[in-house]
Amino acid sequence: MDEKQFEEPIVDNVKQIIENIRTLGFKDKIFEHSALTFEEQNERGKPKKYLEAAIALFSAMSGKTIVEIGCMRQPMNHPVSEMRQCCNDGHSTYFWCMTGAQVFSVDIDFKAVRIARKSVREFKNGKVLWGDGLRFLKKFKNKIDLLFLDAWDVLPGCQYAENHLLAYLAAKDKLSDRNIIVIDDTDIGNGGKGRLLLPVLKAEGYDILVSGRQTIALKSKPS
Ligand SMILES: C[S@@+](CC[C@H](N)C(=O)[O-])C[C@H]1O[C@@H](n2cnc3c(N)ncnc32)[C@H](O)[C@@H]1O
């Protein structure tokens with residue numbers, strides 16, 4: 001997105017998509033704890049509706065580049081329209097690749113990289129890279145229109161909240177003037193992966209459109 005587009009007012013279809021996104025999390029249960037039981041995992045809101053909504057917004061804003069930290073680790077071996085147990089993780093890389101935009105997905109676990117590469121092999125616009133997300137973001141040279149943060153798991157002893165904040169800070173100077181940030185697992189453990197990042201995004205002028213299983217934040221005005 002260039003400067004000129006940034007000066008244009010938010011058009012009606014974008015406004016409508018934004019209003020729809022604001023209602024997405026209404027039915028999602030929020031858990032204060034993070035060690036969920038199998039039953040609680042099943043009760044959670046699922047990523048699909050958030051991914052699809054973020055894609056609708058990204059497309060309406062003529063986004064070009066998506067970067068994700070933490071690729072899909074469950075193969076997509078069923079129709080996208082169906083919901084199965086594996087969909088609790090998200091299959092995010094597959095959804096991003098379906099947009100036709102330029103997609104960079106980074107994961108530190110080669111097993112996950114292999115699964116994601118195989119799952120998105122039909123798409124020519126997706127690159128799944130093996131490496132550390134923070135290091136990747138620091139070196140990345142292009143502009144990012146949508147940043148998806150879904151790496152360090154919400155587990156005891158893992159600095160997930162700190163690292164997701166650091167990932168945003170590493171990406172900050174590459175984010176387009178108008179950009180979307182999506183964070184997974186914000187419905188558990190007092191904000192989960194977004195616990196430290198969400199207050200920073202608010203302070204920096206992001207509009208938190210929804211915060212349930214996932215958070216979708218939109219920056220549409222200059223700081
Ligand atoms: C919850 S999974 C991602 C799920 C995926 N986004 C989806 O929707 O299906 C988290 C992933 O983050 C990866 N990860 C953990 N630390 C990382 C790091 N420092 N850099 C990149 N990826 C990392 C893990 O290997 C794991 O595959």
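One-based numbering, in listed order, for ligands and for the atoms of each.
For ligand 1, the atoms sitting less than 4.0 Å from at least one non-hydrogen atom of Asp89 are 7 (C), 8 (O), 9 (O), numbered in the order shown with element in parentheses. Every atom of ligand 1 with a heavy atom of Gly90 under 4.0 Å away is listed here by number and element: 8 (O), 9 (O). Set against the non-hydrogen atoms of Gly131, the atoms of ligand 1 under 4.0 Å away are 20 (N), 21 (C). Shown in contact with Met72 at under 4.0 Å from a heavy atom are these atoms of ligand 1, numbered in order with element: 5 (C), 7 (C), 9 (O). Close contacts between ligand 1 and Phe148 involve ligand atoms 6 (N) [criterion: under 4.0 Å to a heavy atom]. Residue Gly70 approaches ligand 1 through these ligand atoms, each under 4.0 Å from one of its heavy atoms: 3 (C), 5 (C), 6 (N), 11 (C), 12 (O).
Of the possible donor and acceptor atoms, none in the side chain of Thr65 sits under 3.5 Å from a partner among the backbone N and O of Ile144. Judged by distance alone, with hydrogens and angles left aside, the side-chain atoms of His164 form no donor-acceptor pair with the main-chain N or O of Leu197 at under 3.5 Å. A distance-only check finds no donor-acceptor pair linking the side chain of Lys29 to the backbone of Lys27 [under 3.5 Å]. Although no hydrogens or angles enter the test, the distance criterion places a donor-acceptor pair under 3.5 Å between the side chain of Thr186 and the main chain of Gly212. In this structure, Arg213 contributes its side chain and Asn88 its backbone to a donor-acceptor pair below 3.5 Å. Using a distance-only test at 3.5 Å, with no hydrogens or angles considered, a donor-acceptor pair links the side chain of Lys174 to the main chain of Lys138. Side-chain N or O atoms of Asn163 include one that pairs as donor or acceptor with a backbone N or O of Gln159 at under 3.5 Å.
Residue, atom and distance of the protein heavy atom nearest to atom 1 (C) of ligand 1 are Arg73 NH2, 3.3 Å. Residue, atom and distance of the protein heavy atom nearest to atom 17 (C) of ligand 1 are Ile108 CG2, 3.5 Å. Of the protein's non-hydrogen atoms, the one nearest atom 11 (C) of ligand 1 is Asp107 OD2, 3.4 Å. Here the heavy atom of the protein found nearest to atom 12 (O) of ligand 1 is Ala151 CA, 3.2 Å. In terms of protein heavy atoms, atom 19 (N) of ligand 1 is closest to Asp132 OD1, 2.8 Å. Of all protein heavy atoms, the one closest to atom 4 (C) of ligand 1 is Asp150 OD2, 3.3 Å.
At a heavy-atom cutoff of 4.0 Å, ligand 1 is contacted by the side chain of Ala112 but not by its backbone. Looking at Asp153 against ligand 1, only its side chain comes within 4.0 Å, counting heavy atoms. Within the 4.0 Å heavy-atom criterion, the part of His91 lying near ligand 1 is the backbone and not the side chain. The proximity of Pro47 to ligand 1, defined as any non-hydrogen pair under 4.0 Å, does not occur for either the backbone or the side chain.
Within 6.0 Å of CZ on Arg135 lie no more than 12 heavy atoms contributed by other residues, nucleotides or ligands. Heavy-atom neighbours of Glu122 CD from other residues, nucleotides or ligands within 6.0 Å: above the threshold of 12.
Residue Gly133 places at least one N or O, backbone or side chain, under 3.5 Å from an N or O of ligand 1. Among the atoms of Lys193, none of the N or O lies under 3.5 angstrom from an N or O of ligand 1. Among the atoms of Glu68, none of the N or O lies under 3.5 angstrom from an N or O of ligand 1. Of the polar atoms of Ser92, at least one N or O is found under 3.5 Å from an N or O of ligand 1, judged by distance alone.
The pair Asp28-Lys49 meets the salt-bridge criterion, with a side-chain N (NZ, NE, NH1 or NH2) lying under 4.0 Å from an Asp/Glu carboxylate O. Glu40 and Arg44 are not joined by a salt bridge, as no carboxylate oxygen comes within less than 4.0 angstrom of a charged side-chain nitrogen. Salt-bridge check for Lys46 with Asp187: failed, with every basic side-chain N at 4.0 Å or more from each acidic carboxylate O.
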